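This structure is a prediction, so every number in the text was calculated from the model and none was measured. All chains are named by letter (A, B, ...) in the order of the sequence lines, taking the proteins before the strands, and each is independently numbered beginning at 1.
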Protein chains: 2
Amino acid sequence: MASRSDLKEASLRRILTASASRLRAEGLSGAAIAPVMQEAGLTHGAFYAHFNNKEELAAAAFRFALLDNRPRWMGQARKESWPSRLLRLGKRYLTTAHRDDLTDSCALAALASDAARSNSAFKKVYEEELRKSLHAICVPLDEGSPIDPARLDDAIAFMALCVGGISLARAVDDPVFSQQILTVCRQAVQRMFPPDNASPTHLEVPDQARNRDEAQSHDHR
Amino acid sequence: MASRSDLKEASLRRILTASASRLRAEGLSGAAIAPVMQEAGLTHGAFYAHFNNKEELAAAAFRFALLDNRPRWMGQARKESWPSRLLRLGKRYLTTAHRDDLTDSCALAALASDAARSNSAFKKVYEEELRKSLHAICVPLDEGSPIDPARLDDAIAFMALCVGGISLARAVDDPVFSQQILTVCRQAVQRMFPPDNASPTHLEVPDQARNRDEAQSHDHR
DNA sequence: TGTCTCATAGGATGCGCATCATGTCAAACC
DNA sequence: GGTTTGACATGATGCGCATCCTATGAGACA
């Protein structure tokens, strides 16, 4: 039928899709309006029918990027123990595939430095999305229940490791080194959250043996 | 006496200082030539007496930033055990003071996202500096000796956690949440690298209580 | 059928920026 | 002392970009 508002909504969606890609690939200041609109099949003039300014677009596109990706990379981590859930997520996150696919990657990592330099409005959006992701990590199954603060702390450390790991892996030129960074970080997740039988998540002293080398370094998505 | 080349060298130093600050505060694309030159007490025309283009400046300024900061934040972690060295470094790195002082902060964290989006030339510089920092973490004392690969792996995971932690803490708007991120990451360092003499009898859980990050911003202790 | 609305097109404007071109003056060198 | 060199200043040049303005054409609506 293509009613008037349907068309606009479709346009908006294309704009957000294009913008979300370019935002991650080129950063907050890099993703310019005209190219985004062109990628969306429109011209720059149409932009202001959808947003008041570039900042609004950035916020909306950032939200869109995470809304789009979160379910995909959450997958079904259900029913697993807490440490194995983190381990599984870490193995999915810290891959060469995710590293190399900037345009479709985790926006929290891709725009971390940018958010750090941005104004309070964008930081609020970033924070909101980060909280949503942390929440999703903590309780992917029953949406309503409050989350365990200890788990939240675990999830924060986990996210920091993942974001830092993939950022470093991307920032480096040598693919071997980059791969090493990813592998080491995957192992670090395991060391930080040892499998259930070891001991519960907090206040434990995991034997100081440096158990390295249980690294399957192949990536799958 | 102010010989000709002395003057040029002094100018270069001012340019690098100004550029290194703005680079960290505004990113690779944000740090423009004219403002940098002005901050250095020169005009934009003088720029090309020192560099061929903006990329050269960015690379040099990035190097300069780390050369300038590395000794300061390494401090004297000598003679301590490996885990306590990392713990000490983590406590120094993951502070609100470091978080808030973008212009003088760790360039590896401030420019991680930017490097990820940059060309191979800049990534090479980033990688080189990252390797130097990792090396400095592993063997701050005797420069010559080869580094233990296991320690290098530890240092990589440590850096990832630190970079991710401070990036997230900066990207977020709520100061309480930001503080929590820093605190959790400091604890995570400890969890990842438990102190060697961590005996159950002598349970000293130093960082467990709500932070009060040792706010001595950098150096001077 | 005829108005109205509004998403879109296509300039136009003005600014910031990297880079280049030209001028200047003091130190360096003969 | 006279010439040369080169760091620096000043002023283009041209591009990319955000934003604004105006026109248009097709759906909405009467």
Taking the side chain of [X] as heavy atoms from C-beta outward, which of [options] is closest to it?
X        : options                  : answer
His44(B) : dG10(C), dC20(C), dA7(D) : dC20(C)
Ile33(B) : dA7(C), dA18(C), dT19(D) : dA18(C)
Leu42(B) : dC8(D), dA18(D), dT8(C)  : dC8(D)

(message) So which atom in Arg170(A) and which in Ala109(A) form the shortest heavy-atom distance, rounded to 0.1 Å?
(response)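 For Arg170(A) and Ala109(A), the tightest heavy-atom pair comes out as NH1-CB, 4.2 Å.
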(request) May I ask you to decide whether Arg85(B) forms a salt bridge with Asp154(B), counting only side-chain N to carboxylate O separations under 4.0 Å? (result)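 A salt bridge is absent here (no side-chain N lies under 4.0 Å from a carboxylate O).
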(request) Output yes when Arg191(A) and Asp153(B) qualify as a salt bridge under the 4.0 Å nitrogen-oxygen rule, no when they do not. (result)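 Between Asp153(B) and Arg191(A) there is no salt bridge, as every charged N stays at least 4.0 Å from the carboxylate O atoms.
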I need the [atom1]-[atom2] distance between [X] and [N], as an integer number of Å.
X        : N       : atom1 : atom2 : result
Asp6(A)  : dC6(C)  : CG    : P     : 16 Å
Glu26(A) : dG16(D) : CD    : C1'   : 13 Å
Glu56(A) : dT19(D) : CD    : C1'   : 13 Å
Leu7(A)  : dG27(D) : CG    : C1'   : 9 Å
Glu55(A) : dT19(D) : CD    : C1'   : 13 Å
Gln38(B) : dC8(D)  : CD    : P     : 16 Å
Lys8(B)  : dA28(C) : NZ    : P     : 14 Å
Phe47(B) : dC17(C) : CZ    : C1'   : 12 Å

(message) Under 4.0 Å, heavy atoms only, any strand: does Tyr48(A) hit a base, just the sugar-phosphate, or nothing?
(response)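 Since a base atom lies under 4.0 Å of Tyr48(A), the category is base.
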(message) Under 4.0 Å, counting only non-hydrogen atoms across every strand here, what does Ala32(A) touch: a base, just sugar-phosphate, or nothing?
(response)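 It contacts sugar-phosphate atoms only.
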(request) For Gly45(A) and for Pro35(A), locate the closest nucleotide of DNA chain D by heavy-atom distance; then report the residue assigned to the nucleotide nearer the 5' terminus. (result)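 Looking at the nearest nucleotide for each, Pro35(A) comes out on the 5' side.
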(message) With nearest nucleotide decided by heavy atoms, which residue, Asn52(B) or Ser5(B), maps closer to the 5′ end of DNA chain C?
(response)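 The 5'-side residue here is Asn52(B).
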(message) Which label fits Tyr126(A) and Phe62(A): parallel for a plane angle under 30°, tilted from 30 to 60°, or perpendicular past 60°?
(response)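 Tyr126(A) vs Phe62(A) ring planes: parallel.
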(message) What I want to check is whether the side chains of Lys91(A) and Thr95(A) have a donor and an acceptor closer together than 3.5 Å.
(response)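 Note: Lys91(A) and Thr95(A) side chains miss the donor-acceptor criterion.
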(request) Indicate whether OP1 or OP2 belonging to dT8(C) is found under 4.0 Å from a side-chain N or O atom of Ser11(A). (result)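 So the side-chain polar atoms of Ser11(A) do come within 4.0 Å of the phosphate oxygens OP1 or OP2 of dT8(C), strictly under.
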(message) Measuring to OP1 and OP2 of dC8(D), would you say a side-chain N or O of His50(B) lies under 4.0 angstrom away?
(response)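 Checking His50(B) against dC8(D): at least one side-chain N or O falls below 4.0 Å of OP1 or OP2.
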